[in-house]
Each structure stands twice: as C-alpha cells, then as structure tokens.
Amino acid sequence: MIKLPLKNNTRQCCIYICQRVIGKENEWKIGRTKIFLKGPQFRHQCFYFVKMSFLLFVHSACRKHFLKQRRSAVIIQTAWRGYCCRKNFKMVRKFYISKWIMLGFERLQALFRSRQLVKQYEAARASVIKFQALCRGYLMRQKTAEQMKAVCVIQAYARGMFARRSFQRMKREQQRRLEARRLHMKDDKHLLPIPREKKAKEAAHRIEKESLAVPEPKDNAEKLKKQDAVNDKNEALYDVISDQEMDLEAKTQMQKLNEVDLDAIPMAMVLEEEEEEESDDQAEYTFAKFAATYFQGSTTHTYIRRPLRHPLLYHDEKDDILASLAVWNVILQFMGDLPEQVKNTNSKRNSEVTQIYDSFGKKSHLQPTGSYSPDLMDNRKDNKFSKVISSVKLKHNSKMTGKVGYVLALPITNGEDMSREESTVSERPMSNLEKVHYITANAIQSPDIRDKKEVHHAFFPFYRDEIYCQICKQLTENNKKQSRNRGWILLALCLGSFAPSDKFEKYLQNFIRGGPLLHVSYCQERLRRTLMNGTRSEPPSWLELQAALDKKPIILSVTLMNGSSITVSADSASTAKEICQLVADKMKLKDTFGFSLYIALYDKAWSLGSEREHIMDAISQCEQLQREKGGHERHTPWRLYFRKEIFTPWHNSKEDPVSTELIYHQIIRGIRYGEYRCEKEEDLVEIGAKYCYIQFGASIQNELVLKILQECIPAKQLKSKHQEKWVSLITYAHAKAPYTQDRVSPQSVKEQLVDFARFQWPLLFSRFFDVTKFSGPSLPKNHFIVAVNCKGICFLDGSEKRLLDLSFPEITGIHTSRAVKTFGQSCTLTTLRAEEFVLTSVNSVVIAELVVKFLDELKKRSQYAVAMQETKQQDDPSILAFKKGDLLILTQDKSQGESQDWIYAQNERTDKFGLVSRDVIYVIPTVTKPSSQILGLLTMSPEQRRLASLNSRTEETEEEEAKVKPYTLEEFSYEHFRVPEKESISKAVLHKSRGRSYLWAHSREPLKQPLLKKVCTNPDLWDLACQSFTDILLYIISINISLSFCSPIMRYMGDYPSKQERFPVELTDQIFVAAIQEEVLRDEIYCQIMKQLTENNNRYSLNNGWQLLWLCTGLFPPSKPLLSHAQKFMETRQKERLASDCRRRIQRVMRSGCRKWAPHNVEVEAIQRNITKISHKIYFPNGTEQVFEVGTNTKVRSLCQTVASKMELNSSEGFSLFLKIADKVISQNEADYFFDSLRQVSDLTRKNRPGKEVVPITVNYQIHFMRKLWLNVAPGKDLKADCIFHYHQVDMHKMILIFQELPKYLRGYHNCSKEDAIQLAGLIFKVHANNDKTQYASLPKILKELVPENMIRTASPEEWRRNIISATNKHEQKSVDEAKIAFLKYIYRWPTFGSAFFEVKQTSEPNFPDIVLIAINKQGVSLIHPKTKEILMVYPFTKISNWSSGNTYFHMTIGNLVRGSRILCETSLGYKMDDLLTSYVQLLMNAVNKQKTPRPPV
C-alpha cells in the first residue's frame, strides 16, 4: 500500500504516485491538470496504475469526509437527546421535590406537635400523681386516727374483761380453799384423839398410805417392815403440803378483795397470764358435756361402784369392748371401789395377768446378751468381733406384745354370763403396780390415735380415751377420800404414759384444772410433757409409782467412764436426749455429739441412744426382767452409764478436753475388760506405754508399771506372758516413744490414744439399727444390721459378718418414705455404683437423719472436689483450667475473689491455682484424699457404674466355701426328671464297684432320652436334646475314634470321643441354636450342663463345662422352677472362678432379655482363653482407634453411649456402629445385642460364599463408629464431634456410603461456586499442612484432595495454586481444629449439608435425567441433577408413605398408596437407602412422641 506524504495537496500526491509507480522522471511529465507519459505501451500500463492510485486517493478523501459528517450528526443527536432528557428530568424532579418538601414539612409538624402533647401529658400526669399522694396521705391519716381510737376502746374493754376474769378466778380459788378446809376439818373429826394437831395430820396421812397398800403374802412381811423407814420419809411430804395448804387458806381468809383499777393493769401482765386466759376459754369443755355427747346408753359421768354393762365409748372391735370392761374392773380395784378376791392368792402363775408378764419375758422379748458393763468382768470368747456388739447397741423392742389383747379376748355370751366372764380377769389378786401395768398396757398397745384416724371416722373416740373417761368418771362426785386420792394417782400415772386424742385433750385439761390443788399442777405438768415427747412404749415402773405417791421428781444417778457419777432429775416423759443434755451441762461438755446413755442390769446392757428413747421405758424393762427372775421391782439393780457411742468423721480431740478425758477412760476400761481388742501385740504394748506416760510422766519405774499393769492389759493377754516380760516391753516402748523424748503434755497423749481408737475400732464406735432389705442388689441375707460410724455404713449379719461396706464418698443420697404398712417406714440408700437399697426399719428416720447430717457436714468441711466437665484456658488468668475427672483441692484463701458461685482451688494434675465455678464440680464428702477408684466412679456414666458394681461384688472366703456342700439337682429331679431306666445285670454289677449312677450326676455315656419330662413328651425335640448332650461331652477332648452316634454336649466337654475334629463354634451352635428357637429346650440344656458338672473329677472336663455354662447363662435364663436350683448350684461352688460370674450373667440376662443368635466366635474364643471381659477395637473417621469392653448382653445402643461418653461427646444421638466386611458397610441396629448383630452378618456372609469347606470360614471385619443421622448438628456446638467425626473420614472403599462431610465435598456432590471452592480449599490445606509453607510447591499434586473433582478443570493448576495460597494465608492465625470447624460452618449453609448421596438410575420421572443423585438428610429425600448439582425435587418425610429395597432396586411411594406417585430406582445400595430412611423416620417419630407425652408432676 502507498503511503501518501501530503494528504491535502493534490499535485504533490500525483507527483509522489508517479515517482513510486513509473520511476524515472524522463518517462513522464506533469502538467497543470494532467500527467503526460512517454511511450504507448508503457503509457497504457502506467496510466492504469496511476488511475488506480488516484481513485484510491479520492475514495479515501471522500470516506474521510463522510465519516466526519456522520460523527458530527451523531454528536448533534447525542446533545439533543441529552438536552431533552435533562429537560424532562428537571421538570419531574421539580415536581417531586416540591412534593417531598411538603411531606417533610408535614412530618416535621407532626413530630413537633407530638412532642408538645407528650410534654403536656407528662406534666398533667405528674400533677395528678402528686394530687393522688396528698389525697391518699390524708385518707390514711384519717383511717389511722380512727383505728387508734378503736384500739384504745378495745384495750379498755379488754383490760376490763381481764380484770373481771382475774377477780372471778380469785373468787373461785378462795371458795375452793374454803371447801378444802371444810372437808379437811370434817375428816379430822374421825381421827383418834391425839393431843397435838401435827400428830393428827401425820396419822391421817399414814392412814391414806395404808389405804393404798395391798395385802401381801406372809413371806413378804419382813420385807415390808424394812421399808417402813422409807415410808416414814414419804409421809413427811404430806405434812409439808398440809402446812402449806393451811397457811394458804389462812392468808386467803385474811385477804380482802379490793377493786382493780383498769388503767393500773400493765400490758406485760396480760402476756404473762395468756396461758391462764386460754384455760378460761376451755371452761366450756366440761367432762359432763363430753359424757352427754359421746357416752353410750344412759351412762352418766359420775362416780359408781358397780361393773359396767358396756364400755363408755363406742368401739367397733370385740376385743376393744372386752378390754374396756376388764380395765374398768381393774380401775375399781385400784381405787378400792371393788373388793379383791382373797382366793387363789398363791396361784399367781395361773392368772391372766401373770400370763401377760410371761409374754413380757422369754417368749416375746429380744433380751440383751453379753457383758457390756464396765464394772463387770468379760467372759466372752476370744474372737475377732464378738457377736455382742450389735446386740448391746441395738435398742430393745417393747415387751408389750399382742398377747395382752389375746389374754383379754374372752368369749362373750348373752345375759348374765357376760358380766360373769367379764370379771374373770379382775378376780385375781394383783399388786398396785400390776394393776397399773394392766391398765396402761392396754392403752400402750392400742393403735396410735393419729394412725387410727386414717382407719376410723373422726367422730368416734378411741381406746385411750376410754381409759381416761373411766378414771374421770370415778373421780367425779366421788366423796370417798381414799378412792379419790388413788384415782388421781392413777390418772397421773396414765398421763405420764400415753396421751389422749385431740378430741378429748381439752376436756381432760379442763377436768384436771378443776381437781384438788395437791394434784393439779403435778398432773398438768405430766400431761404437757407427754404431749411434747410422745407416748411411751412400756408401762410405768415401780420408781414412777413411788414418785406419783410423793409428787416428787425422779432422781437418777448416771455413771461416767472416769468413775464418777452425776445425779439428774427426770420424770415419766424424760428422753435420752434430755438426760444427755443435763449431764453435758453439769460437766460443761461442749462436744456432745456421739455420747449416749447405756443401761445395764446384771450382765446385760444395751444402748438407749441420745435421741427420743424414753428413759423410764428402759427402767421398766429392767424391772420386768427382775420380776422374771422372781425378785421384786423395787430391788432392781439397774445402772445408767454415759459413754461415747459414735465418732463424727471430722472428730477433733483437741476441741473439747472434757470429751477427750471421758473417751480416754472409756477406752482404757474397755481394753481392760476385753471390749476393745488389739489384733497386734505391739498395739497393746503401745497403749500400755501411753497409759504409763499419762500416769507417771516421762520417767517410770518397773514397780510402778507392775502396779498398773492390770489396769491397761486384759487378763487373758496378761496370763499369756510373764508380768516381767510385759513390764520390759512397756518400759522399752515408753522410752523410745516420741512423746517421751519430746516431753509432750499428757493431754496430747490422751488425744493420740482417742484418735487411735477411732481408726482402729470403727465398728465398736457405731450406731446399730435392725433393718430388712425390701429391694436392692442381692445380699446373702435380707434381714441384717446397719452400722453407721465415722467411716461410713456397714451391713452386718447376725454373726457380725460384714455383708457390705460403703464409705461416705460412695453414698450419693438417702431419703425416707412411707412404705407398705406391712413393712412400716423405709429409707432408700443410693450409692455411687448406681445401686439402690430400700431398707425398712422402725428407725428409718433416725438412720436417714444421721447419714444426711454426716454427708452435709463432710461436704462443708471437705477440701476435695472432682471436675464433672472440662474447662479450657480462658482469657482471664484467674480462671482455673482443668479436664473432666481432675481432682481439685479447695483452698481456704478467701482473698482471691471467691464468691458464692466461685471457689478458689488447685488442680492436682497441673499444680495451678484459680477460681472454679461450683456448677461444674462435685464436692466429695470426705476429709481425706479420695482414692483413685472413687474418682474413677465419679467420672463414669451410670451404665459404667452399674457394670463396675456387678464386677466388684465381694465373694465368700474359701474357708466358708469349703464348708458348704455342693448343691445338686437331686431335689429338682424328683419332680421334673423322667423316671430312670432299669439297669441291666452287667451295668448293675459294674455300678457296685463305683457306686450308683443318677440322672443328675456326671456320665460319660450319651443320653437315649431327654432328662426333663416336658421334653420327653415332645417327639420333635427328643433327638435335639440327646444330640446336644453328646456335643457337650465332646467339647473338651476330640479323639479320632469312629462312633456312630454323638451329641454336642458330650463332644464339647470331651466326655465322648469324635470321629473327626470338630471346631468349638460348630459344637456351640449345635447346642444352643435349637434352645434359642425352642424355649422348652432351655431348661434341658441347663440340666445337661449341670449334670456333667456334678461329681465330675476330671479337672479338664470341669473347666470346659463351666465355660459352656458361662456361655449358656449369657444367652437365656432358666425357667422359674429351675432358677433357684441353678443359683444354689453356682453359689455352693464359689471355688470355681466362673461360678460367681455365671450368677451375675443370669441376673443380667433376666433384666435385658434373651439373645437371638448363638455365641459369636469372639465369645467362644475368649472363654476358651478364660477371658470373661471381652475387649473390642473400634475405628473412628479420623484414622484413630480405641479398645472398648463389650459384654455378652451389651446392646449396640449401650455401646454407642459408652463410646460417646469416653470420647467426651455431648450426645450419642445420631451416631451408630458400622460393620465393614469386604466391600460392604452395614449399619448395626441399635436395639440388637452387639454380638447378635455380628453373628447375623457373619452367617449371611458365609451362606453367600460358594462351596463347602471343612475348615470354618473366618470372616474379617471392622467396627467403625460414625455419625449416621444429621438431625440436630450445628458446627461449633460439639467441638470434639466436629474435629473427629463431622469433618473427615477414612475412605474405606469407593462403594461404601460416605456419611461425613469432607469426602462428600471432594466428590463434587455439593453445588458450589469457584469462589467457594477456593475458600474451602484454603481451609482444607490449612488442616493438611498447618503453617508449613514448604508444601506450597506440592499443591498441584494434591489438588484432588483440596478441590471437588468436577471443578478441577475450571482453572489451571498454577491458578489454583495461587488462589489456594492466598486463601490459606487468610487463616494463618487459626489452629487446625479451628480450620475444621470453619470448613463445617461454611458448608453448613448449603441445603445439602449432612446428606448421604446415592447415584441411581431412575425410570419413573421422564422430566428428570436418567441418572440422578439422591440425597437423604434431615429435610427428607432430594433429587439432584448429576451435572449441574441443582436440586430437582425435595420430598419431606411427611410425604413419603412407603419404601422398599432389594439387591438391585429401591422404590419409594410419595403421597398415599391410592393417588400417590412412585419413584423407581435401580441401584445396588438400596439396602443402605432403606436403612437410612428408616432411621431418620424413627428418630423423628420418637422426638414427636416425647413432646406429646405429658411430664409427670414435680
């Protein structure tokens, strides 16, 4: 192309063209308007070229001009259009701006007006509130003024009423005194003429005392004479009371009743007389009114002297009616209103009352045994723990039994015979004390009034009220002084024994208030005390009878362990707690807990405790024991002791020196008399050395030690060696002792001795309670003794053998509840091993209170706690980091910011200090460091604790096992075995040499018939039973001898030879498969195995037989008739290592149910190696593996929970176990047993293999633990689950179902953009390489591990490398786990998160591709395009009505079965889709059912 130099000059352009085209200038010339050429030929050619060039030039110039014009036109058009648009826009904008401005102004006006209205409203509201306050204040002041006026008026009237009542009361008291003086003067006229007035009164009171006496036999005349001196002292009391009455009456006559000034009565006086005012309010509750309301027939409330025809009150029971009539006669005899029969005086043992005392004695009373008094020598046998421990400390049962009612239950006829038979009881001569016992015993034995309210209607009075009504009736309008005095004494004794019902209580109080002054205050006090401390359990004692005669308190002497004694005053209602407190106050004892009262009689002693036990009940029991021996009650030599019964776990001997002194003397005296025994001689020598140091100090001599040797060494041990030897041993120990060298104080040595006794003899310092186990774990006995001491709780049987020991950290709680009435009160004790004991006892409340007190105080004083969940390192350095199960030591440093919810502690594992939240720790109730076993139990799940409890049950000792004769099935065979076959002559001759053979004993010959009758009746099971027995015999030894007939049991045990070698699993299958299918054969298998274990002397055979029984007990339990025999069979063979385990397995299989498959090969191989705890390896998605213990009866669900707990996951929901065999991965059913699931899959695999092999096929498999259901999964909620399970998984095979997220993402199942792929690749590479930048170069090689396979080709490897490095650098500060969680959170937003993908061929939807992806997740079933990854359709679970699967297909019905559509898919993974869909639906249905189920009320 020719380039023109000057585009605008035409001439120059022509010259330039000619020069370039023609060349030389001589060939052409240019004119003004033309170009001239030389030569025609050349001219033609040149003309053509010039012409063409010129045309090109002209064309170029024209085109430029055209383009220039077109550009100008376009510019003009653009300007014009822009102008038009701007013009239009300005017009529109102007319109809208004006409109918006107007709207803005209107809104501004509205805001301003609303602000003004708000201010006006607030001002008006404040004004109204202020006005309301002023009005309310005015009204309140007006109301208060009116109330003050009303109060003044009420006070005026009240004071006037009080004054009038006081005046009336003083007037009545004056009249009573005058009446009493008149009666007293009237009685004085009948006395003998005595010169002086004082002697007259003495004679009158002596006559009163004599009137109360009962004729005694002549043999007792001398004893009565010896008591005259005592009676004279008692008579002096009446003189004093009579003098006081005369003085009071004289003062009353001289006193004038002046008017009372109403304003002069102070308000304090009103408060002091409140009790008296209440008494005045009860004036309407008169005995006459009660009698008119409740007495039967025409019976009145006044005194009579004849027997009753019917009881005063109504009674439903015939026994109560008879008892009421009999008690009436005894009351008349006691008061002297009915004469006693003199006949049969010498035949007391034949009377009904004497029979009552017989029932008090040997037949119905648990007598104390053993010598426990410190003043008595010990004659017990030398054993480790004497059987007297619990019998001494157990509280005694009441002597009052049901025989009282039995004695009184006499037959009743009609007419005159009834009154004759009613009086048979009262025709026996009885002493005053016997009569009181007879009356009160009936009331004590009657049901408690509060318990009877639950049975009888509230309208009817009760039996105790009957006795009170009879006494009150005889005291009303009784003019006989002797009868009246005796009646008030009897009433006082009854008031001290039992309380009236609530209905009769006010009537009785009003009746007492109107009695003689000599008895009113005494009876009122006894009634008050009885209501406060409750009804007695024993009748009054002789001591109480004397106190009632004298109206004096009872003086008791309590002996201390240091040899001194203290006297305290008591009454009929005094309890052990009150007496202990009085003794402690007199001794200034601070640490009173654990000190109790003990009562001793001759060589018997028992504990009264320090709580609610009535002291007089124990004294009454002693008097009854004295009477049994033929003595009189007044001569009973009972003694009371104040001793230490129990220590607290936190006992500190330095806190109270007085307490330590008493305990020290108790220990020394107990050692001397053999109560406290030292197992080692060194301990006894050390105690002797400390005793010498306390007595003589640091320097001792042999003579001094010899003198006190008998005070600290038991007599039996003292005789075992020469005294010089003991002296030398004690002297040497004394010289080498640290306290001698350091010259410590004797008080410190006493404290050491007390601490030694506390830890050495915890069982001797215990509180014992007799209990019965209502439910709970199995123990050798159900009736035993519970001992509570400073170490915990111990269960003991009657021979003091320990059944179970529980320390306080092992006890998680105790509470009481009212059990069935037959069993009474119960307490439930829960332990750390998930055990729950329900114990019934009359002392259930006392047991619970004592244990709760110890647990609460131990937690307050404890310095040890265990972490119940993990706490990671926080930004705040003052927060302590720890792991679950760490032992935390709680410090006492309160300056570190400790609050109510936080506590300062030290982590023992890391030795770091910090604050710990109380919500995440469990304070262990102990003052010592807990053992590792306790810490391990605290961190276990309840199921793990239950398994640990089953495995840690204590077994009996070998010595006791040897004494027990092995139990056989002989007794069971009598009823359930078939009749034995008749023996042939040859067999009979052979048996003579080796003894007779039995069906229930060992045999080496096969069975021709089953053992059990019920199996013999079924011909179909006949051969199976015989075949199983032979296989059992063959199990032990396989001998290659040809036999025509063999059975599995004989083959298994090796008792019968086999033609060829048989594998153990084959034999166990032949033995157990038929029994699992046929329930009738189960007892047959048990009997055959136990038969072969009976009288079998072959050790090898026995071992294999027990292995077979171990397998059998894990599959199914025996029937109820055989169960007890099987348990006894195992209990009596505790020497066998598997016996106890077989017992536990029977209990476990009874709770969990029978197995469905025969034992797995793993179980058989384990027991053949004598391994009872089977461990199984489980693989995890992150490539790790762990070993878990799996039992025979472990279910898949339980194992999943165990794995989740050990892996510290928040929940096991959604996780499952997967069985991988070859190229298949099968999910295990949660409801199946673990080994059943394995066996089922293994058998299916064997069946599918072609050919017959002699050697059993070994199926290799792996168990994987993965998440199956993604229902409630949110990344970041469970960090460990995210990092181990949710993120990645080892790709076991391309055909398996991938459940975790990383493999699904890399296979391209999700729909993601390139930017998403880059960000996720950065996170994956962060997990892969962390901060190792040297691996950047290898990025293109591992691109398949970072980017989905369908997106790798969207960019070059170098571009991917740059983008991934850039994305990785953004997460440089994150850790590997944080990167995993970030990856999960990123894809959590996608609708396909947590899906299981299946590539199938569908043939039902023509609008969809033939090959589609099916995703199953929490939303339902989704159909996904295989290339675009778009979701074509989502079918929620609520729309899916049915589905089915096979080896090559999966069908699903949407909608109902009639109008619904079906989706037909061809796939080899149909079974996996079926299982996954079923699991999701089942989980959702369970969640819905839980929401519908109403919660029980709290």
Side-chain angles (χ1 to χ4, degrees), residues 371-372 374-378 380 382-386 389 560-563 594 643-647 651-654 657 659-766 789-791:
S371 172
Y372 198 73
D375 299 331
L376 302 175
M377 293 299 294
D378 180 59
R380 291 173 291 182
D382 185 13
N383 51 2
K384 184 174 181 180
F385 292 103
S386 175
I389 295 175
L560 307 179
M561 289 296 98
N562 57 5
R643 298 169 44 93
K644 186 73 170 179
E645 184 182 17
I646 185 174
F647 284 102
H651 178 80
N652 187 0
S653 301
K654 298 181 180 180
S659 172
T660 303
E661 182 73 17
L662 292 176
I663 301 172
Y664 160 73
H665 286 288
Q666 176 179 335
I667 294 169
I668 295 300
R669 295 169 72 89
I671 293 173
R672 184 201 314 171
Y673 295 113
E675 178 187 356
Y676 307 125
R677 299 176 182 272
C678 297
E679 298 180 4
K680 299 180 181 179
E681 184 179 304
E682 294 81 2
D683 296 337
L684 193 58
V685 172
E686 182 65 23
I687 292 173
K690 290 181 179 178
Y691 183 71
C692 292
Y693 182 85
I694 295 170
Q695 294 293 326
F696 309 114
S699 60
I700 60 173
Q701 299 178 0
N702 293 344
E703 294 78 7
L704 298 175
V705 177
L706 190 61
K707 290 181 180 179
I708 66 170
L709 203 58
Q710 295 181 353
E711 299 179 6
C712 58
I713 304 297
K716 190 171 184 179
Q717 279 77 4
L718 195 61
K719 294 177 182 179
S720 63
K721 292 183 180 181
H722 294 290
Q723 293 188 358
E724 291 77 8
K725 181 65 175 177
W726 283 108
V727 171
S728 62
L729 290 174
I730 292 175
T731 306
Y732 179 78
H734 179 274
K736 296 294 183 180
Y739 48 82
T740 304
Q741 298 176 2
D742 298 339
R743 301 297 178 93
V744 299
S745 62
Q747 182 65 25
S748 300
V749 180
K750 292 179 182 179
E751 295 168 359
Q752 295 177 13
L753 190 58
V754 170
D755 293 337
F756 170 80
R758 180 163 62 96
F759 292 107
Q760 184 70 17
W761 303 298
L763 197 60
L764 295 176
F765 289 97
S766 305
N789 51 49
C790 61
K791 288 190 175 181

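Just the heavy atoms: all of them, side chains too, but no hydrogens, waters or symmetry mates, feed the values below. When a residue number appears, it is its place in the shown sequence, counting from 1.
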Quiz item: What distance separates Asp755 CG from Asn652 CG, expressed to the nearest 0.5 Å?
Solution: 7.5 Å
Quiz item: Are side-chain heavy atoms of Leu753 and Ser653 found at a separation under 4.5 Å?
Solution: no
Quiz item: Taking side chain as C-beta onward, heavy atoms only, is Ile646 less than 4.5 Å from Cys790?
Solution: no
Quiz item: Are Trp726 and Gln717 side-chain neighbours, meaning at least one heavy-atom pair lies under 4.5 Å?
Solution: yes
Quiz item: Cys712 and Gly688: which non-hydrogen atoms are nearest, and at how many Å?
Solution: SG-CA, 4.0 Å
Quiz item: Do Gln666 and Tyr676 touch side chain to side chain, with heavy atoms closer than 4.5 Å?
Solution: yes
Quiz item: So how far is it from Leu684 CG to Ile730 CD1, rounded to the nearest 0.5 Å?
Solution: 7.5 Å
Quiz item: Does a donor on one side chain sit under 3.5 Å from an acceptor on the other, for Tyr691 and Glu711?
Solution: yes
Quiz item: Does some side-chain heavy atom of Leu704 sit less than 4.5 Å from a side-chain heavy atom of Cys692?
Solution: no
Practice problem: Quick one: list whatever passes side chain to side chain contact (heavy atoms under 4.5 Å, CB included) with Ala698, sequence neighbours left out. | Solution: Tyr693, Thr740, Arg743
Quiz item: Stepwise, does the side-chain contact (heavy atoms from CB on, under 4.5 Å) test hold for Phe696 with Gln701?
Solution: CA-CA 9 Å; Phe696 309 114; Gln701 299 178 0; over 6 Å; no
Practice problem: Kindly write out the residues that satisfy side chain to side chain contact (heavy atoms under 4.5 Å, CB included) with Asp683, not counting sequence neighbours, or none if the list is empty. | Solution: Cys678, Lys680, Phe756, Gln760
Practice problem: For the residue pair Phe765 and His651, establish whether any side-chain heavy-atom pair is separated by less than 4.5 Å. | Solution: no
Practice problem: Locate the shortest heavy-atom distance separating Val754 from Tyr664; write the atom from each residue and the value. | Solution: CG2-N, 4.1 Å
Quiz item: Quick one: ring pair (Phe, Tyr, Trp, His ring centres under 6.0 Å) partners of His665, sequence neighbours excluded?
Solution: none
Quiz item: At their closest point, which heavy atom of Ala733 faces which heavy atom of Val685, and how far apart are they?
Solution: CB-CG1, 3.8 Å
Exercise. Could you point out which residue of His734, Glu724, Lys721, Glu686 forms a side-chain contact (heavy atoms from CB on, under 4.5 Å) with Leu729?
Key: Lys721
Quiz item: Looking at CG of Leu706 and OG1 of Thr731, how far apart are the two atoms once the value is rounded to the nearest 0.5 Å?
Solution: 10.0 Å
Quiz item: Taking the side chain from Asp742 and the backbone from Val744, do they hold a donor-acceptor pair closer than 3.5 Å?
Solution: no
Exercise. Measure the CD-CD1 distance between Glu751 and Ile663 for me, rounded to the nearest 0.5 Å.
Key: 10.5 Å
Self-check item: Side chain to side chain, Lys644 and Leu662, heavy atoms closer than 4.5 Å
Solution: no
